[in-house]
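Below: one structure, written as structure tokens.
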Amino acid sequence: MEFQRKNILVAGGSAGIGLSLVKMLCANGANVYVVSRSASDEWDESVRHIPLDVTANVAAMNGALPETLHGFVYSIGSINLKPFARLTDEDFLNDFNLNVLGAAKLIQQALKPLKTAKGASIVLISSVAAQTGMPYHASIAAAKGAVEGLALSLAAELAAQQIRVNVVAPSLTDTQLAQNLLSTPEKREASAKRHPTGKYGQPEDISHAIGFLLSDQSSWMTGQVIGIDGGLGKLRLI
């Protein structure tokens, strides 16, 4: 995938899937802008960092963006797993604010330069749990379901501006967010066995799919929710 002279904005590019994506984009010639609370010493020196907390006021971001944006990825999220009876209003609100409202606010700020590109791509990240019932996932599944609804609505609304909007929905991926779920060899083995492919995800599995959705090779794709989940969302091996 080639991204020469393409300006790509990544929200949450300092760790996990976002960091993997930033590295891949830089290696393929993109001009990368990253919105995050902290920088990463693993970034290429060409990365432009926009320090920002997406749960706060994001208006300052607008002045830091280029006149044209060819792509935007919201790679900020949470894994909040609790029995339903223990979930509080704050849990639901925090997950919604981080996963849904944060994405909506940044898209609003980036909308003008995305329209200027006359052929831009937005990619949001959901979860296999949004469409596959899983215990203890009520809050995060509700938030990620809202992410998918937001994306489908925007895909329809922004089509006339030549802005595509798609979603990737991963299963368990080996990132810092999932460290408690993969903290022992036993947990890793059990997690791998839950997936029809016999393994849990790696950040590159997701970032490569995002890269395709950002690229010109996917120019006829919009309004899609794509499971990158080792088959967990659709397959049952008996």
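Reckoned from all heavy atoms, side chains included, excluding hydrogens, waters and symmetry mates.
- Remark: the backbone N or O of Thr222 is paired with a side-chain donor or acceptor of Gln224 at under 3.5 angstrom.
- In this structure, the side chains of Leu114 and Leu9 stay at 4.5 Å or more apart for every pair of heavy atoms.
- Both Ile228 and Met1 belong to a single network of hydrophobic side chains, linked directly or stepwise wherever heavy atoms of I, L, V, M, F, W or Y lie under 4.5 Å apart.
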Quick one: side chains of residues 138-149, donor-acceptor pairs under 3.5 Å with protein atoms, not counting sequence neighbours, listed by atom name and distance.
from   : atom 1 : to     : atom 2 : distance (Å)
Ser139 : OG     : Asp91  : O      : 3.4
Ser139 : OG     : Asp95  : OD2    : 2.5
Lys144 : NZ     : Asn99  : OD1    : 2.9
Lys144 : NZ     : Ile125 : O      : 3.0
Glu148 : OE1    : Gln131 : NE2    : 2.7
Glu148 : OE2    : Ser126 : OG     : 2.7

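- A chain of hydrophobic side-chain contacts below 4.5 Å, direct or via other Ile, Leu, Val, Met, Phe, Trp or Tyr residues, connects Trp43 to Val73.
- Gln217 CD: more than 12 foreign heavy atoms inside a 6.0 Å radius.
- Cluster annotation: Met134 is not connected to Leu181 through the hydrophobic network of ILVMFWY side chains, with a link wherever side-chain heavy atoms come within less than 4.5 Å.
- The environment of Lys82 atom NZ is dense: over 12 non-hydrogen atoms of other residues, nucleotides or ligands sit within 6.0 angstrom.
- No side-chain donor-acceptor contact under 3.5 Å links His137 to the backbone of Gly133.
- Residues Ile210 and Val32 share a single hydrophobic cluster, defined by chaining ILVMFWY side chains whose heavy atoms lie under 4.5 Å apart.
- Minimum interatomic distance between Gly223 and Asn166 (heavy atoms only, all atoms of both residues): N-OD1, 3.3 Å.
- No side-chain donor-acceptor contact under 3.5 Å links Arg164 to the backbone of Ser121.
- In this structure, Ser218 contributes its side chain and Phe212 its backbone to a donor-acceptor pair below 3.5 Å.
- With no hydrogens or angles considered, no side-chain donor-acceptor pair links Ser171 and Arg194 at under 3.5 Å.
- Rounded to the nearest 0.5 angstrom, Phe72 CZ and Ile8 CD1 are separated by 11.5 Å.
- Among residues at least two apart or in separate chains, there is no salt bridge (Lys or Arg N to Asp or Glu O under 4.0 Å) pair with a member in residues 226-238.
- With Val123 as the partner, the side-chain contact (heavy atoms from CB on, under 4.5 Å) test is satisfied by one option alone out of Leu213, Val167, Val165, Leu21: Leu213.
- Under the 3.5 Å distance criterion, the side-chain polar atoms of Ser40 are matched with a main-chain donor or acceptor of Glu42.
- Taking CG of Leu52 as the start and CD1 of Ile76 as the end, the distance is 8.5 Å to the nearest 0.5 Å.
- Closest approach of Tyr74 and Leu98 over heavy atoms only: OH-O, 2.5 Å.
- Without hydrogens or angle criteria, His70 side chain to Ala117 main chain gives no donor-acceptor distance under 3.5 Å.
- Atom-to-atom distance recorded for Leu232:CG and His195:NE2 is 4.5 Å, nearest 0.5 angstrom.
- Other residues, nucleotides and ligands place no more than 12 heavy atoms under 6.0 Å from the OH atom of Tyr136.
- Panel note: side chain His208, backbone Ile206; no donor-acceptor pair is recorded below 3.5 Å.
- Separating the CG atom in Leu87 from the CG atom in Asn80 is a distance of 6.5 Å, to the nearest 0.5 Å.
- In this structure, Lys6 pairs ionically with Asp216, as a charged nitrogen and a carboxylate oxygen lie closer than 4.0 Å.
- Residue pairs meeting the side chain to side chain donor-acceptor pair (under 3.5 Å) criterion with at least one partner in residues 58-69, sequence neighbours excluded, do not occur; the list is empty.
- Closest heavy-atom contact between Leu65 and Ala110: CD1-CA, 4.0 Å.
- Interatomic distance, NZ of Lys199 versus CG of Asp174, reported as 12.5 Å (0.5 Å rounding).
- Here the closest heavy-atom approach between residue Ala169 and residue Val225 is recorded as CB-CG1, 4.2 Å.
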